[in-house]
J.: 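Pasting a structure below so you can have a look.
Keep in mind that the numbers below use all heavy atoms, side chains included, and drop hydrogens, waters and symmetry copies. Worth saying up front: this structure is predicted, and the values here are computed from it rather than measured. Here, residue 1 is the first one in the sequence, and each next residue gets the next number.
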Amino acid sequence: MQTKKRPVFLDLQQIKLPIPGIVSILHRISGVILFIMLPILLALLSGSLSSGETFETYKAFADNFFVKLILIGVLWALMHHLIAGVRFLLLDAHKGLELQTARKTARIALYSGIASALVLGVALW
């Protein structure tokens, strides 16, 4: 029989997730972002290919600063999801399961997703 009291509630601001947990949650969030944005981006692509006037309209819309920030956010979601997904595939193949290696690859996945999105975003800006 357990005599230890269980918590009545969890204070989410006091829980400190390790870096692999943060990468895992961001992988799920980036997947949701990609799932939501994919139909929108495909509709924009389809519309831009329909005529030259529509392409110019979409191009003017994409020149907006806030739209560019959203597109860089989608680019981050794509890059993070790709890099973290490869990391999870390697973990499923039992590569890098040691604690220090898992933390190191999580940091690499997190920072390389941000860096690659920034590099590609600046190049496309």
Side-chain angles (χ1 to χ4, degrees):
M1 197 175 224
Q2 281 186 327
T3 59
K4 188 175 180 180
K5 284 188 171 184
R6 297 185 63 143
V8 178
F9 69 98
L10 291 175
D11 188 0
L12 296 178
Q13 293 179 346
Q14 291 184 2
I15 295 175
K16 184 168 168 67
L17 268 176
I19 189 106
I22 294 170
V23 169
S24 177
I25 289 173
L26 288 177
H27 181 71
R28 292 170 188 233
I29 291 171
S30 64
V32 170
I33 291 170
L34 291 173
F35 180 77
I36 291 170
M37 291 302 293
L38 186 64
I40 296 168
L41 293 173
L42 287 175
L44 289 172
L45 177 65
S46 174
S48 69
L49 295 175
S50 64
S51 70
E53 296 83 24
T54 311
F55 174 76
E56 291 300 325
T57 303
Y58 286 170
K59 185 177 175 186
F61 175 72
D63 280 339
N64 186 346
F65 177 74
F66 294 110
V67 174
K68 286 184 179 183
L69 284 180
I70 290 171
L71 291 175
I72 288 177
V74 172
L75 185 62
W76 165 82
L78 176 66
M79 296 310 297
H80 177 78
H81 200 75
L82 174 72
I83 294 167
V86 169
R87 177 183 177 267
F88 289 129
L89 284 174
L90 289 172
L91 289 174
D92 287 343
H94 301 288
K95 305 291 182 199
L97 291 178
E98 298 80 24
L99 182 61
Q100 290 304 103
T101 308
R103 287 180 177 166
K104 186 177 180 180
T105 58
R107 274 191 204 92
I108 290 170
L110 183 65
Y111 297 140
S112 61
I114 294 170
S116 61
L118 285 176
V119 168
L120 290 172
V122 168
L124 296 174
W125 193 284

J.: If you group Ile, Leu, Val, Met, Phe, Trp and Tyr by side-chain heavy-atom gaps below 4.5 Å, do L120 and L71 land in one group?
T.: no
J.: Starting from V86, can I reach I19 by hopping between I/L/V/M/F/W/Y residues whose side chains sit under 4.5 Å apart?
T.: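 No, separate clusters.
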J.: Which heavy atom of G113 sits nearest a heavy atom of M79, and at what distance?
T.: O-CB, 4.0 Å
J.: Above 12 or not: heavy atoms from other molecules or residues under 6.0 Å from NZ of K95?
T.: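 Check fails, neighbour count at 12 or below.
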J.: Taking the side chain as every heavy atom from C-beta outward, state whether L97 and T101 have any atom pair closer than 4.5 Å.
T.: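 When only atoms from C-beta onward are counted, T101 and L97 do not touch, as no gap falls below 4.5 Å.
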J.: Backbone N or O of A102 within a donor-acceptor pair of the R107 side chain at under 3.5 Å?
T.: no
J.: Quick one, H80 and I29 - any side-chain contact, counting heavy atoms below 4.5 Å?
T.: no
J.: Shortest non-hydrogen contact from G96 to L91?
T.: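 What the structure gives for the nearest pair is O-CD2, 3.4 Å.
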J.: For the CG atom of L69 and the CG atom of N64, what is their distance to the nearest 0.5 Å?
T.: 9.0 Å
J.: Please assess T54 against T57 for the test side-chain hydrogen bond (donor to acceptor under 3.5 Å, both in side chains), listing each intermediate value before the final yes or no.
T.: CA-CA 5 Å; T54 311; T57 303; 5.9 Å; no
J.: Taking atom CG of L34 and atom CG of L78, what is their separation to the nearest 0.5 Å?
T.: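 Result: 5.5 Å between the selected atoms.
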J.: Taking all non-hydrogen atoms of both residues, which atom of I40 and which atom of I36 are closest, and how far apart?
T.: CD1-O, 3.8 Å
J.: Hey, are the side chains of F88 and T105 touching, using non-hydrogen atoms and a 4.5 Å cut-off?
T.: no
J.: Same cluster for F61 and V74 if Ile/Leu/Val/Met/Phe/Trp/Tyr side chains link at under 4.5 Å?
T.: yes
J.: Would you check, one step at a time, whether the test side-chain contact (heavy atoms from CB on, under 4.5 Å) holds for D63 with K68?
T.: CA-CA 7 Å; D63 280 339; K68 286 184 179 183; 4.1 Å; yes
J.: Compare all side-chain heavy atoms of W125 with those of I72 and state whether any distance is below 4.5 angstrom.
T.: yes
J.: When hydrophobic residues are tied together by side-chain contacts of less than 4.5 Å, even through go-betweens, does L118 share a cluster with I33?
T.: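 L118 and I33: one cluster.
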J.: Provide the closest heavy-atom pair for V23 versus A84 in the form atom of the first, atom of the second, distance.
T.: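 Shortest heavy-atom separation between V23 and A84 comes out as CG1-CB, 4.0 Å.
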J.: Could you check whether any side-chain heavy atom of S48 comes within less than 4.5 Å of a side-chain heavy atom of E56, counting everything from C-beta outward?
T.: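 S48 vs E56: side chains apart.
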J.: Any sub-3.5 Å donor-acceptor pair from S24's side-chain atoms to P20's backbone N or O?
T.: no
J.: Atom OG of S116 and atom CG of L75: how far apart are they, to the nearest 0.5 Å?
T.: 7.0 Å
J.: Please confirm whether the backbone N or O of H27 pairs with a side-chain atom of H81, one donor and one acceptor, at under 3.5 Å?
T.: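 Between the backbone of H27 and the side chain of H81 there is a qualifying donor-acceptor contact (under 3.5 Å).
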J.: With a 4.5 Å cut-off on side-chain heavy-atom distances among I, L, V, M, F, W and Y, is there a chain of contacts connecting V67 to Y58?
T.: yes
J.: List the atom of S30, the atom of A77, and the distance in Å for their closest heavy-atom pair.
T.: CB-O, 3.5 Å
J.: Is there a donor-acceptor pair under 3.5 Å between the side chain of S112 and the backbone N or O of I108?
T.: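 Such a contact is found between S112 side chain and I108 backbone.
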